[in-house]
Amino acid sequence: MNRTQVRSRGFTLIEMLVVMAVSTMAMGVLVGIMLHVFQVNSSVGEHLQAVAVLGPLGEQFRRDVQAAAHAEIETTTGQPQRLRLDGPGPARVEYEILASALRRLETDALGGQHHELFVLPGMKVLGWTGDFQASGEVSLALGWLIPQGPNGHDVRSRFLITASKRTFPLSKSP
């Protein structure tokens with residue numbers, strides 16, 4: 001009696017194991033990519049928040065320096081903590097460094113005060129540089145932070161927002 005072999009239409013155990021191994025590797029790669037995308041998305045969000053704050057801060061800082069008649073940097077324990085810009089007359093603007101922000105206090109000619117707080121996510125205010133009396137220039141020094149350990153941060157890169165009091169005469173062309 002001849003036995004006819006009938007091939008079933010299923011998968012063998014080895015074929016199933018190969019498909020499961022390939023699927024597992026593909027899932028591992030996709031999970032890694034998704035984690036990286038979430039991490040980049042978070043850092044881009046922080047960067048966009050910082051840029052949204054830096055634009056108005058830079059514009060306001062430049063207007064304040066250009067309107068000032070005198071500038072003074074106040075230090076505490078050797079670190080610059082406050083920049084005072086005295087305007088023409090009794091008007092005054094002060095910038096004070098806080099932990100993760102910069103506070104602006106404007107006192108008008110009548111003694112009224114206006115507060116602004118510029119919160120800088122992922123950044124640190126490092127202080128001020130420049131010589132207002134000699135060159136008419138003051139710079140606000142900022143630094144991007146990177147996490148270092150559980151409680152600390154380190155400054156990754158530094159940059160300046162520079163404002164100048166100098167005015168240049170306009171030249172007329174014939």
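No hydrogens, no waters, no symmetry mates; every other heavy atom, side chains included, goes into these values.
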**Q** Do V93 and R104 come close enough that some side-chain heavy atom pair is under 4.5 Å?
**A**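 Yes, at least one pair of side-chain atoms sits under 4.5 Å.
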
**Q** Applying side-chain hydrogen bond (donor to acceptor under 3.5 Å, both in side chains), run through R63 and Q60 and close with a yes or a no.
**A** CA-CA 5 Å; R63 278 195 303 266; Q60 184 65 57; 2.9 Å; yes

**Q** Please report the shortest heavy-atom distance between V65 and A163, naming the atom on each side.
**A** CB-CB, 3.5 Å

**Q** Can you tell which of V119, L142, V125 makes a side-chain contact (heavy atoms from CB on, under 4.5 Å) with L102?
**A** V125

**Q** Write down the atom of G127, the atom of I97, and the distance for their closest heavy-atom approach.
**A**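 Answer, listing the atom of G127 first, then I97: CA-CD1, 3.8 Å.
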
**Q** Please evaluate residues M25 and V29 with respect to the criterion side-chain contact (heavy atoms from CB on, under 4.5 Å), reporting the C-alpha separation (whole Å), side-chain torsions for both, the decisive distance (0.1 Å), and the verdict.
**A** CA-CA 6 Å; M25 287 189 297; V29 169; 5.7 Å; no

**Q** Strictly distance-based, threshold 3.5 Å: is any side-chain N or O of R103 a donor or acceptor partner for the main-chain N or O of F118?
**A**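 Pair absent, no side-chain N/O of R103 close to backbone of F118.
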
**Q** Taking everything shown except H115 itself, do over 12 heavy atoms lie less than 6.0 Å from its NE2?
**A**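 Result for NE2/H115: enclosed.
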
**Q** State whether R82 and E94 are salt-bridged, where the test is any N-O pair (Lys NZ or Arg NE/NH1/NH2 against Asp/Glu carboxylate O) under 4.0 Å.
**A**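 Here R82 pairs with E94 in a salt bridge, since their nearest N and O are under 4.0 Å apart.
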
**Q** From L54 CG over to M123 CE, what is the distance, rounded to the nearest 0.5 angstrom?
**A** 4.5 Å

**Q** Do the side chains of L105 and V138 join up, straight or via other hydrophobic residues, at under 4.5 Å, putting them in one cluster?
**A** no

**Q** Please determine whether residues V40 and L48 belong to a single hydrophobic cluster, defined as Ile, Leu, Val, Met, Phe, Trp and Tyr linked transitively by side-chain heavy-atom distances below 4.5 Å.
**A** yes

